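In what follows, every chain begins at residue 1, and chains take the letters A, B, ... in the order their sequences are listed. All values derive from a computational prediction rather than experimental measurement.
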Amino acid sequence: MPYNICMVCDFFYPNIGGVESHIYQLSQCLINRGHKVVVITHAYGTRAGIRNMAGQLKVYYLPLKAFYKQCIFPTIFNSFALIREVVIREQIQIIHGHSSFSTLAHEALFHSAVLGVRSVFTDHSLFGFADLSSILTNNVLKFSLNSINHTICVSNTARENTVLRSHQHPKHVSVIPNAIDASQFRPDPASRSKDKIVIVVMSRLVYRRGTDLLVDIIPYICQKYPQVEFLIGGDGDKRVLLEQIREQHSLHSRVKLLGMVKHEHVRQVMVQGHIFVNTSLTESFCITIVEAASCGLKVVTTNVGGVPEVLPPDMVKLASPNAESLAQSVEEAILEQQNDIGLSPWQLHDKIKNIYTWSDIARRTEIVYNTISKQDVITPQDRMNKFWNLGYVFGKVVISALVLIMVYNRILEWWRPATAIDRCIYTYKSPSSNSSSQYQESANISGVSNKQKCGIATADLSNSTVTPRRSTRLKLKSL
Amino acid sequence: MNGEFSSLCEDSGESKKLKKPWVKALYKNQGVPDNYVDTTFLTEMKKNLFVRDYDYYSLLMHTGCITQQIHSVIIFVMCFIYLNQALLDPYALNLISIGILCLCYIVRRVCDSNAFDMKAVIIFCTASFVLSPVLMSLTDTISTDTIYAMATVMLLVHLISHNYIFQLNFSNEGVVSFNAGIFATVCLASRLSHLFQGYSLIVLSVLLFDVLPSLRRYLKLHLRPYSNLFLSMSLFMLSVYMVATQTVTLAMMIVVLFLFITFICPYFLIHLQPIKNNLYGPWDEAVVAER
């Protein structure tokens with residue numbers, strides 16, 4: 001059954017980044033699977049109003065001002081009338097918010113109960129519990145996530161983190177990783193240097209991305225292996241440190257700093273290298289190492305957050321987040337490269353191509369949609385009951401905000417009745433038959449009898465001991 | 001498995017049915033729904049890793065760090081009041097201050113060869129002596145109430161930002177605290193009628209807000225807490241006596257405050273420890289060792 005889905009996030013094109021491309025790719029694949037998707041974000045400069053992107057993806061740039069780091073000012077009330085209008089006009093059934101930093105996403109999830117639509121949230125980031133900013137965000141998140149139908153996290157570690165932060169039942173949180181468009185990241189062994197070993201680093205040069213570790217290992221590696229060169233893409237406040245050690249050890253010819261690399265040029269840089277090094281200190285998924293592996297590079301990374309879950313052990317070298325361990329892993333990778341041990345670039349690419357695909361992500365997201373569409377819509381009353389127990393003082397404040405929104409909704413109902421709002425006409429795409437292996441599988445699943453299909457979805461969230469979905473999978477294999 | 005989450009896992013039946021045990025990996029299809037909760041869920045979480053067990057007696061000794069600085073501030077304010085009412089001879093105060101300064105210097109010199117720099121103190125004292133005439137007319141246009149309010153706020157800032165950590169190799173931190181103290185001193189000194197009164201107050205503030213804390217820090221580390229106890233008691237008695245000459249009620253309140261900080265606050269700290277709930281896990285940001 002096709003759904004009318006509304007993706008809400010402060011971060012979207014023309015902004016470029018992980019969350020932005022996640023929303024775009026997921027929306028495109030969901031449209032290909034026969035759903036209708038609109039995106040709501042705030043206005044970017046003169047880019048306001050409705051724009052159409054490729055493949056019938058409609059984007060609403062709401063006339064709200066960005067206030068801090070591309071997020072709108074949190075007022076709750078400001079966005080309500082606009083989101084209500086879009087939800088009615090597009091006959092939205094599911095609101096899908098992205099990123100815990102996005103104010104707009106939290107507000108839309110808050111409105112979802114009043115508007116009577118189901119809600120899903122994808123959390124893209126990890127948080128600690130110690131510093132002030134995470135304590136504040138965690139408090140907002142607790143209220144935001146407890147009143148929605150389902151949450152999606154990008155890795156198992158992120159899921160544990162989200163469950164702890166938001167006090168949810170883990171059954172209401174699914175793990176669906178990120179993906180890449182592997183066709184955009186094909187290896188090109190010809191463009192590699194034959195006599196040199198090039199180590200590529202591609203990250204923002206800031207503390208959280210571990211630039212300090214990189215600064216520690218570069219002189220050591222360069223001294224020990226004269227055939228090694230570094231190619232570093234990205235910019236940030238720690239770039240000065242890299243320039244400094246380049247100066248100190250006269251490594252100008254061997255350490256190249258490229259500055260900011262546009263996303264479309266990332267592959268061009270990556271394919272020049274043999275080894276990719278990621279030094280992040282915290283990461284919930286780390287899509288860059290997947291891109292690097294897809295380009296055929298040997299990956300060396302710090303073992304933090306969700307990183308160890310991402311690549312199979314034969315494709316990655318995990319190091320503890322300290323200079324000694326990282327240097328040791330880089331050395332291992334250099335020796336392997338010299339002696340030609342390990343998977344070839346094309347073998348790496350072929351493996352990645354089958355692990356992370358957007359169509360698979362869309363299929364798994366659709367299972368979440370199927371599940372929640374069988375659940376009841378969370379009513380404002382349910383929410384109030386939850387909020388009452390969640391915070392001694394803040395809970396009551398949030399309840400009053402909810403009551404005010406309900407009153408506001410009534411006023412809008414009278415002023416601009418839902419019947420007076422034009423409904424958008426939309427022609428659903430028939431699920432495309434673009435043959436990738438995932439599509440084949442999904443076609444097979446939809447071929448399974450209706451009764452079983454229902455079983456798949458309900459079993460996902462119930463505590464039953466039998467998982468019909470698994471048996472379906474087995475049956476598929478036997479077919 | 002942490003107790004509160006153990007009930008959230010799948011029935012063990014399902015995990016037994018899996019051919020291979022579930023692993024925390026995203027790169028392979030393990031034949032379970034995306035919201036499957038394994039028995040390993042949250043096993044990597046650790047609680048209260050860095051909780052220390054305090055004992056009441058040593059905490060009681062350590063409260064000296066806080067009470068001493070509070071009493072220093074009280075003594076400073078009382079000296080200002082005495083000077084303002086001409087109850088205290090500024091020359092005597094100056095002699096006492098410089099005497100104690102020298103004593104501090106000698107004590108440090110005897111115990112520790114690379115002690116603090118007397119030169120800086122001498123330069124500061126001379127410069128402030130030369131510049132003290134400026135003080136007299138500095139805040140003429142500002143009302144006395146504003147000056148007192150500013151001084152109060154600044155002394156509170158001094159107390160809040162003061163560095164109470166007693167560590168070896170302590171670099172000269174607590175800049176905010178010292179500056180706030182000097183700010184308050186300049187405010188108050190500008191209200192005094194005589195030039196030398198203002199100067200003596202400045203020398204006293206250098207003694208109370210910088211030299212004495214660093215000496216206390218040193219003594220505490222090298223001569224065990226008993227020296228600290230002696231200093232605490234003498235500062236306490238001096239401040240209470242000085243306040244009592246002006247108002248007995250306030251002196252009583254200071255005694256109560258002292259007893260509260262010394263005897264009751266450590267008790268609170270110990271009994272609030274079990275409520276601590278710090279969570280650590282793989283999601284925490286790694287810490288890079290200092291180079």
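Checking side-chain atoms of A:H249 against main-chain N and O of A:I245 turns up a donor-acceptor pair under 3.5 Å. In this structure a side-chain-to-backbone donor-acceptor pair under 3.5 Å is missing from A:S280 to A:E283.
With a 4.5 Å cut-off on non-hydrogen atoms, B:D284 touches chain A through its backbone and its side chain both. In this structure, chain B has a heavy atom under 4.5 Å from the side chain of A:L126, while its backbone stays farther away. For chain B, the nearby part of A:F285 is the side chain; its heavy atoms alone come within less than 4.5 Å. Neither the backbone nor the side chain of A:V307 comes within contact range of chain B; no heavy atom of the residue lies under 4.5 Å from a heavy atom of that chain. Contacts between A:I152 and chain B at a heavy-atom distance below 4.5 Å are absent for every atom of the residue. Of the two parts of A:N161, the backbone and the side chain both hold a non-hydrogen atom closer than 4.5 Å to a non-hydrogen atom of chain B.
The most heavy-atom pairs under 4.5 Å with chain B, out of A:V310, A:V290, A:V304, come from A:V310. Each of A:S134, A:P312, A:A323 has some count of heavy-atom pairs under 4.5 Å with chain B, and the biggest count is that of A:P312.
Between the side chains of A:H124 and A:S284, no donor-acceptor pair is found at a separation under 3.5 Å.
Legend: residues meeting side-chain contact (heavy atoms from CB on, under 4.5 Å) with B:Y54, ordered by chain and number and at least two apart, are B:R52, B:L59, B:L269, B:I270, B:Q273.
The shortest side-chain heavy-atom distance between A:I352 and B:Y27 does not fall under the 4.5 Å cut-off.
The salt bridge (Lys or Arg N to Asp or Glu O under 4.0 Å) pairs that include a residue from residues 148-166 of chain A are A:D123-A:R165, A:E160-B:K24, where partners are two or more places apart or lie in different chains.
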